[in-house]
Number of protein chains: 2
Amino acid sequence: MAKLRLEDVADAAGVSKATVSRVINRRGYLSQKTINLVERTMKELNYRPNAIAQQMTTGKTQLIGILVPNVANPFFGELASALENRLFKMGYKVLVGNAQNDAVKESRYLQQLLNHQVDALIIATHNHNVEEYQNANLPIIAIDRYLRQDIPVVQSDNYAGGKLATETLIQRGATKIIHTDNLPSNQHDTQRKVAYETTMRSHQLTPTTYLTNFYGDHTDRVNVFNQLFDEHPDVDGIFASNDTDAALLLQIAHQRGYHLPNDLQIIGYDGTQASQLLAPDLATIVQPIANMANVAVDLLESRLKKQPLPASVVLPVTLREGATLRAK
Amino acid sequence: MAKLRLEDVADAAGVSKATVSRVINRRGYLSQKTINLVERTMKELNYRPNAIAQQMTTGKTQLIGILVPNVANPFFGELASALENRLFKMGYKVLVGNAQNDAVKESRYLQQLLNHQVDALIIATHNHNVEEYQNANLPIIAIDRYLRQDIPVVQSDNYAGGKLATETLIQRGATKIIHTDNLPSNQHDTQRKVAYETTMRSHQLTPTTYLTNFYGDHTDRVNVFNQLFDEHPDVDGIFASNDTDAALLLQIAHQRGYHLPNDLQIIGYDGTQASQLLAPDLATIVQPIANMANVAVDLLESRLKKQPLPASVVLPVTLREGATLRAK
DNA sequence: TTGAAAGCGCTAACAA
DNA sequence: TTGTTAGCGCTTTCAA
């Protein structure tokens, strides 16, 4: 069976192509009789409009491109899922570009999304080639990173998160607190680090940070964290910049005989569903992923309606208690 | 600046549209001089071919649709990521349909993917409406579930996995072993359950299974698992049908004062990267996610080349040791 | 080796 | 209320 076209439906129903098109799009004047006739015919023929051809004529694809570093990372998986969920309800389809932490792939994806005439873009990658976004002439919303002056950024409050983590550890009695941070080339995690350092100093404590590379592998992290314990066996609090690092630190601490939360307290960052389910004992700073997605979509909607937008929206984070933290 | 068309490039370069098209697609006879000229012009103008128009004429979209229950679930997130990774290398783009465990959304997505003229489909959802796949007239590969006689299924060896989990627990000294299974409407997890029951009986042990609903929420699971411990306080081994359930069981067991792995051993299922990172202590049966993705793409490639295909491919699972299991 | 022109399936004026 | 027709931006014969 060859692909059915709108014209086949028109012929079968004995009407014109325009009429069928009107029924499909519920546009213009239409008698109920015609609507019924055409709908019945479409159903009988099992006709499905060719979205490509529709896009060709309207110029609108109803397609939104999302670029993330890696959907296998629960944070971005959940973010993409939440974005997609909202957008789908609004009648958009989502083309997810999974940059796999690869700058070349990121830019190839960007090209492809543009070629595909996406109506807008939501960017959550680390964008090594910011220039490419400069001459992209369509609505863009960035998540947790700055791209260009007129591109609004949606993010959670990284400074407040870093401060909350640090102060919580201090309140629960830790004094030798170490921070581990995980930096991509553009160093966006710095707000958390700055907050940690400032908070430590304001309590007359000395900040110490260990850095891991966002693009580094598991072994690198294990090495850095072992070094941390070797050099600071008296550590009694760790603020990790993400939950998987926190889980790894927790494991290493166990192996080294630390008892949590008495000898050592650990607090992670992100608070994904996955970490909640798989590491329910881990205390963590929760980023409001679903809310970030909602706000991003709202901004996109405003942008598409040519409404004025804020330069950035910062959303609050919360503390999730866990067994790696002493009781209040 | 208005959108550039191929014609603008042709005018600027002083050649015909056909020539520009030939350069873009490297087809037909072309002098090097013309190639250089056209390429230079395209670069200067920052021209990007309109993929929609290309698709319109060629009928090929180079788009593959993937339908998953939920990318926020690490298993499917990692699967989608692996699929996308392979497909991208082959020049395909991926349209991910995230059914959000919602039958209506699944079918709406299916329609949309078909409307978008995807060249092929990879289905990993629980497909409540199998009929819809019946008259879809394009290459389809299914992951871990049967759709139609001529649609090949890629799956890991669920029976062997269930057997491996059960035998491992038995070998490590457990005798009161309980299985928790997590069933969607189409009950595909049954192979694991059957393997568990068969293996138990062959060791003269009595199988006991607690069921949770795949679409149920967290509270439902907590209730079922509490019931498990209430009714079987002497349980000394649990085989959970996925890692998040295993992590939850682990947490409840701790709260109830069980010491692992002495009082109780737990073994999960799936072995995602996320569970490895976030719950490194958890022993589990690992499904070869990346390999499943690779095989699915290979099959798709063969199908697109009209080569004959196997009805199904079953891939081996492995045991990941962890602190929830006694030493060998 | 290049150009002219038809056509992919649909929508949107404009007519009727 | 419905039909006719001219494109949308590209690729692909067919001619030159």
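Being a predicted model, the structure only gives us computed values, none of them experimental. Letters go in sequence order (proteins before strands), and every chain restarts at 1.
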The helix from C:dT1-D:dA16 to C:dA16-D:dT1: angle between end helix axes, five pairs per end, rounded to 10 degrees
40°
So how far is it from [X] [atom1] to [Y] [atom2], rounded to the nearest 0.5 Å?
{"X": "A:I140", "Y": "A:I123", "atom1": "CD1", "atom2": "CD1", "result": "5.5 Å"}
{"X": "B:M42", "Y": "B:L4", "atom1": "CE", "atom2": "CG", "result": "11.5 Å"}
{"X": "A:E106", "Y": "A:L67", "atom1": "CD", "atom2": "CG", "result": "5.5 Å"}
{"X": "A:L121", "Y": "A:I64", "atom1": "CG", "atom2": "CD1", "result": "8.5 Å"}
{"X": "A:Q117", "Y": "A:L138", "atom1": "CD", "atom2": "CG", "result": "9.5 Å"}
{"X": "A:N50", "Y": "A:R48", "atom1": "CG", "atom2": "CZ", "result": "11.0 Å"}

Just to be sure I understand the geometry, which residues of [range] put a non-hydrogen atom under 4.0 Å away from DNA chain D?
{"range": "residues 52-65 of chain A", "result": "A:M56, A:T57"}
{"range": "residues 17-33 of chain A", "result": "A:A18, A:T19, A:R22, A:Y29, A:L30, A:S31"}
{"range": "residues 6-14 of chain B", "result": "B:L6"}

Please list, in 5' to 3' order, the outermost nucleotides of DNA chain D lying under 4.0 Å from any heavy atom of chain A.
D:dT1 to D:dG9
Of B:V154, B:L79, B:L87, B:V68, the one forming a side-chain contact (heavy atoms from CB on, under 4.5 Å) with B:I122 is B:L87
Cationic tip of B:K93 above B:F88 ring, under 6.0 Å, 45° of axis:
no
Taking only Lys NZ, Arg NE, NH1 and NH2, and the carboxylate oxygens of Asp or Glu, determine whether A:E84 and A:K89 approach each other closer than 4.0 Å.
no
Going by an N to O cut-off under 4.0 Å, is there a salt bridge joining B:R26 and B:E39?
yes
Strictly by side-chain hydrogen bond (donor to acceptor under 3.5 Å, both in side chains), give each pair with a member in residues 58-67 of chain B just once, sequence neighbours left out.
B:T61-B:D119
Within a strict 4.5 Å, meaning less than it, do heavy atoms of the A:L6 and A:Y47 side chains meet?
yes
Please step through side-chain contact (heavy atoms from CB on, under 4.5 Å) for the pair A:N98 and B:N85, ending with a clear verdict.
CA-CA 8 Å; A:N98 191 196; B:N85 206 16; over 6 Å; no
Looking at B:R108, I'd like to know if its CZ atom is crowded, meaning that more than 12 non-hydrogen atoms belonging to other residues, nucleotides or ligands lie closer than 6.0 Å.
no
Between B:A124 and B:F76 the two heavy atoms that sit nearest each other are O-CE2, 3.8 Å
